[in-house]
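Right, one structure below, let's go through it.
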2 protein chains.
Amino acid sequence: MEFDTSSPIWGQLVAEFSRRIVTSQWPPGGRIAGVRELAAELGVNPNTVQRALAELERQELCRSERTAGRFVTTDADRIDALRAELAEGAADDFVRRARGLGMAADQARRLIEERWTHDDDITDLAGATGHDR
Amino acid sequence: MEFDTSSPIWGQLVAEFSRRIVTSQWPPGGRIAGVRELAAELGVNPNTVQRALAELERQELCRSERTAGRFVTTDADRIDALRAELAEGAADDFVRRARGLGMAADQARRLIEERWTHDDDITDLAGATGHDR
DNA sequence: GTCACTGTACTAAGCACTTAATACAGTCAT
DNA sequence: ATGACTGTATTAAGTGCTTAGTACAGTGAC
C-alpha cells in the first residue's frame, strides 16, 4: 500500500482499517490478521501497525484477546456510527474546501457529478469564477 | 490561524495562500506582506512562511522582487488553472473517500447537499448501507 | 551616510514519526 | 514439555518539521 509521507502512516492505517470495517472487508466479529502479517502486507513496521490498531481499540472498533488475536467489534450500531462519521468527515472536508474557493452549491454539485465517474478527466473551471479579462 | 499537527504547517500554508490567491484576497499583481509580518499574523515562525512561499514561487504563483517584496502573479490563466486544480483536488478526494466507503452516486450527492448548508448537523446513515440486524 | 525595511541563509535545539531488533508472557496443537 | 503462534514493550538510530536566534546583501526614504 502507498502512503503519504506528509502525515503519519499510523493515522493513514487507522483510516484504511476503518474503511475495511465499514465495508465488511473485515466483517463484524472477524479475526484480524496479526500485526506482523499486516505489517508485511502493507510494507510497514509492525510497531506502526500496532499503533494504528491501538487507536482502533481506543475507539472500541476492535478488541484484543491478547494471545488469541484481535477481533472486530460485533456492535453493528458502532460500525454504522463509524460509517456515518467517515462519510460526514469526507463531505465536510469537501464543503469546507469548496466554500473556501468561493464555489456556489450548484457548482459544487456539478463538479462532484463530473468527477464521480471519471477520476482523471480534466475539468475547465476558467471563466466560471475567474477574473475579468 | 489554527493548524493540523499531523501534517507539515508549511504545506497547510501553501493551501491557505493558494486559497487567498484564487479568491483575490491576494489580488493578481498585488504585494504580499513580508515573511515576518505574515508569520506574526499566522502565529508561526518566519522560516516556515518562507518555506511555503518558496513553494508558491516554484509553482509560479508569485515572484520575489528580492528587496522590494513579493508579488502575486499577474497571469490570470495561471490563477484560473490553480482554481481548477484546487477544486478538482477537493472533489477527487471526496469521490475517492466516498467510493471507498461503498457509497452510490446519489447517496454522495444527497450527503453533499445536506452538509452544504449546515456544517455541524448530525446525519444518520445507519441502515442505508448498514448490516443485517 | 543612516535607518528601516526587504528576502535569504545558517545553526542549534527539541520534538514526533518510523524503523530495526529484541525481549517477554500467555495460548494452543503436537 | 516443546515449538509456533499471539499481543505487547523497550531501546537506539535516523529523518523531517518547527522554532529561536543571528546574520548578510540590497533598496529606498530622510
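Hydrogens, waters and symmetry mates are skipped; everything else that's a heavy atom, side chains included, is used. In what follows, chains carry the letters A, B, and so on, assigned in the order in which the sequence lines appear, proteins first and then strands, with residues in each chain numbered from 1.
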For the pair [X] and [Y], find out whether any cationic side-chain nitrogen is under 4.0 Å from an anionic carboxylate oxygen.
| X | Y | result |
| --- | --- | --- |
| B:E113 | B:R110 | no |
| A:E16 | A:R20 | yes |
| A:D106 | A:R109 | no |
| B:R97 | A:E88 | no |
| B:R78 | B:E85 | yes |

Quiz item: What do you reckon, is CD of A:E60 surrounded by more than 12 foreign heavy atoms closer than 6.0 Å?
Solution: no

Quiz item: Going from OG on A:S18 to CD on A:Q59, what distance comes out if it is rounded to the nearest 0.5 angstrom?
Solution: 6.0 Å

Nearest-Å distance for atom pair [atom1]/[atom2], residues [X] and [N]:
| X | N | atom1 | atom2 | value |
| --- | --- | --- | --- | --- |
| A:R63 | D:dT8 | CZ | P | 13 Å |
| A:D4 | D:dG16 | CG | C1' | 14 Å |
| B:W10 | D:dT19 | CH2 | C1' | 17 Å |
| B:R70 | C:dC5 | CZ | C1' | 14 Å |
| A:I32 | D:dT8 | CD1 | C1' | 16 Å |

Quiz item: What does nucleotides 25-30 of chain C look like as a protein-contact string, B for base, S for sugar-phosphate only, - for none, at under 4.0 angstrom between heavy atoms?
Solution: -BS---

Practice problem: Give, ordered by number, those residues of residues 36-56 of chain B having at least one heavy-atom distance below 4.0 Å to an atom of DNA chain C; if nothing qualifies, reply none. | Solution: B:R36, B:N47, B:Q50

Quiz prompt | Listed nucleotide nearest any side-chain atom of B:E57, set C:dT6, C:dT8, D:dT8 | solution = C:dT8

Exercise. Under the side chain to side chain donor-acceptor pair (under 3.5 Å) rule, collect the residues that match up with A:E65, sequence neighbours excluded.
Key: none

